[in-house]
Amino acid sequence: MRKVRPSAVVNLVRKELRAELRTKHTVNFMLLFSGLAVAFFSRISGSYVAGAPEIGVGLLWLVFLFTGMLGLGRAFVKEKELGTLDGLRLTPMSSAEILAGKAVYNLLLMLGVQSIIFPLFIVFFDFPIRGSVLLAFGVLTLGNACFVIVSSALATLVLNARARELLLPVILLPVLFPVIVLSVSALKGVLVDGEGFLNILGEIKIILAYAVVMSTIAILTFDFALEE
Amino acid sequence: MHAVELRDVEKSFGRHRVLRGVTLSVERGEAFVLLGPNGAGKTTLIRIVATLLRQDSGEVRVLGYDARKEAQEVRRRIGVVSHNPLLYEELTARENLEFYARAFGVPIRRAEEMLERVELEERADDQVSTFSRGMKQRLSIARALLHSPQVLLLDEPTTGLDIRGRRDFYALLERLLEEGVTLLMTTHHPEEAERLCSRGAVLHSGRVVAEGRIQELKASVGSLEEAYLRATGEEGET
Amino acid sequence: MLRIYASLAAAFAMFTYGAYKALLVFPPISSPENPVMEELYRNVFFHVPINASGFLGFTITLFASILYLKTRDMKYDLIASRAAKVGVLFITFTLLTGMVWAKPAWGSYWNWDPRETTALIMWFVYLGYFALREAIADEKARARASAVLGIFGYSSGIFTLLSTRIFPSLHPPTFGLELEPEMGMALGIMITASIIVFLNLMYLEMRIERLKQSVGGR
């Protein structure tokens, strides 16, 4: 029931990407929203951030968080509304494969947003970079990986609920809180304090442990979450 | 072994009891029709057999497999066509079928074969969003038949089809029946089902109120429609 | 009902004894660098037991949620949700007693100390749990979704317990608090009393919910 065949996951990811790239509804929305958010944050808080760059790191995470929640929450809601979630459940794909496919696809979307917003952010905020940009990007990706795992798993819980778009952030944000705090702290370490990989290893270990725990719970409970 | 077997199946949503002890069996290779007014529980019953819903109590077996405990085995052997085509609008017909073929683990050429079978090869590379209702429904059948299921579940499959669409649709179902596929369908157009189905049952408020061969149901009261109305006690209203 | 009265009376007696000891009998702890602490430590006898019961509640929610998904018995949904409800109440009081302590000890009621922060987030997790329950009309769908969230949400509880080790925190360590034997005993009595009150509240909540269901409300 819970085995994951890579070919099944690839098939699902490819389907999602193909459908998304044809209309680009979600990608366009996510880029537009995150671009707007960076511009607004920069205008409103730019001068403060110059004095205290760690504020900027927190803002960057906020941008990803809201972009992700608004954009990715749609993925399952859309499948539910169009009924194609039934189509997926009628295939012999395991629930773990469906979850993995959704999470990988969502991570690809977030990586796309990240690759555009991160440079924009550095430009807009005139961010002092003291550490490795590559490492900072890696930390962001790790945080986003946790984010897509938890959001893919919890997004299915609100499918049968009223006001599901409102409900998702309310249940998602607190559960994600540890990742956000730790990755903001690691990101600040790299960007502001110029710390290397070994200095932020503590945070990375905890984020990884969190990712493992969350993935395990998600895989074990996703069968139930998908039920109707 | 029956193709589909239900024993004392109960299902409720909140306080509303949708199925109240339904017992039914469908033989292999036959076409069985479920009749009944809207809200009688037909769709719920089909969705339970299709493993999309869990019954609260009672037993559901499809080709001997328990629909609750062996859902994966059941899913490999059934096809489902409902009024929702379960297709991705942004993808082309071929992409849809190729996606489902991979998901079912059948060779990709099955997608091509099915496109020919439902006569959509000329529109294979058009997005499904450009399709008419009838074309979507044909593609939906192609999707449901990709993995050569032994049992086909049809929930109001002809909703929204024009006369020609219906005729083509039933012609296809007849061919499937000849090939030995078991059909379990719901409809509230009894006259349609008469031609195809050998047996049927009438569902009303979650109970089976009549069951038997179509001829028997017909012989006793003239037409199936009357049998249906009589069984549900609605003669005066229609 | 008699059992409830009896156990609540016992809890009250234990509480009175514990509070008497904590507030009037135990001497001030000498703390030269921070004189406020000499009397302030007494708060431990209230803060810790309430907190322990709150965590007990969320732990009950975790296990009842797992049992629900395994058995689909609505009884476990009732246990899980009521334990969470009383748990939220107890964690609310934990936060309040913590704030009362934080004002003289750390200078302000709220300091975003890691322990405060994580406890507050945990509180939000379980409020989210009830928001989710409120929003789902079908009782089985509600039970299933909230059971899954009950399992996910417990991670915030674990994070709260570990917070003082992960981050530099002013909060006293969660485990391994060193106390005089007599004080340890008083604390144990208070914890027991608090758990008894917790379980009784939870039991009453379950009865209320059953009664509501039997008259047709939600």
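Predicted, not measured: the structure shown is a model, and the values here were computed from it. Below, chains carry the letters A, B, ... as their sequence lines are ordered, and counting in each starts from 1.
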>> Taking A:Pro92's backbone N and O only, do any of them form a donor-acceptor pair with B:Gln72's side chain (distance below 3.5 Å, no angle check)?
In response: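 Between the backbone of A:Pro92 and the side chain of B:Gln72 there is a qualifying donor-acceptor contact (under 3.5 Å).
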Ignoring hydrogens and angles, write down the donor-acceptor pairs under 3.5 Å from the side chains of residues 81-89 of chain B, residues two or more places apart or on other chains.
unit_1, atom_1, unit_2, atom_2, d
B:Ser82, OG, B:Asn84, N, 3.2
B:Ser82, OG, B:Asn84, O, 3.0
B:Asn84, OD1, B:Leu86, N, 3.0
B:Asn84, ND2, A:Leu82, O, 2.8
B:Tyr88, OH, A:Lys15, NZ, 3.2
B:Tyr88, OH, A:Glu79, OE1, 3.1
B:Glu89, OE2, B:Lys136, NZ, 3.2

> Between B:Arg54, B:Glu95, B:Glu73, which shows the greatest number of heavy-atom pairs under 4.5 Å with chain A?
Replying inline: B:Glu95
> Among B:Leu52, B:Leu91, B:Val80, which residue forms the greatest number of heavy-atom pairs with chain A at distances under 4.5 Å?
Replying inline: B:Leu52
> Is it the backbone or the side chain of A:Ala8 that comes under 4.5 Å from a heavy atom of chain B, or both, or neither?
Replying inline: neither
> What part of A:Leu12 is in contact with chain B, defined as an atom under 4.5 angstrom from a non-hydrogen atom: side chain, backbone, both or neither?
Replying inline: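 For A:Leu12, heavy atoms of backbone and side chain both lie under 4.5 Å from chain B.
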From [X] atom [atom1] to [Y] atom [atom2], the distance as rounded to the nearest 0.5 Å:
{"X": "A:Thr23", "Y": "B:Gln127", "atom1": "OG1", "atom2": "CD", "answer": "8.5 Å"}
{"X": "A:Glu227", "Y": "B:Leu53", "atom1": "CD", "atom2": "CG", "answer": "9.0 Å"}
{"X": "B:Leu146", "Y": "A:Thr91", "atom1": "CG", "atom2": "OG1", "answer": "11.5 Å"}

> What residues of residues 99-109 of chain B sit under 4.5 Å from chain A when only non-hydrogen atoms are counted?
Replying inline: B:Phe99, B:Tyr100, B:Arg102, B:Ala103, B:Phe104
If you draw a 6.0 Å radius around [atom1] in [X], do more than 12 non-hydrogen atoms from other residues or ligands fall strictly inside?
{"X": "A:Leu134", "atom1": "CG", "answer": "no"}
{"X": "A:Phe40", "atom1": "CZ", "answer": "no"}
{"X": "B:Glu179", "atom1": "CD", "answer": "yes"}
{"X": "B:Arg133", "atom1": "CZ", "answer": "yes"}
{"X": "B:Glu116", "atom1": "CD", "answer": "yes"}

> Would you call A:Arg14 and B:Glu98 a salt bridge, taking side-chain N to carboxylate O under 4.0 Å as the test?
Replying inline: no
>> Can you confirm whether A:Arg18 sits close enough to B:Thr92 that some side-chain heavy atom of one is under 4.5 Å from a side-chain heavy atom of the other?
In response: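 With C-beta onward as the side chain, the pair stays apart.
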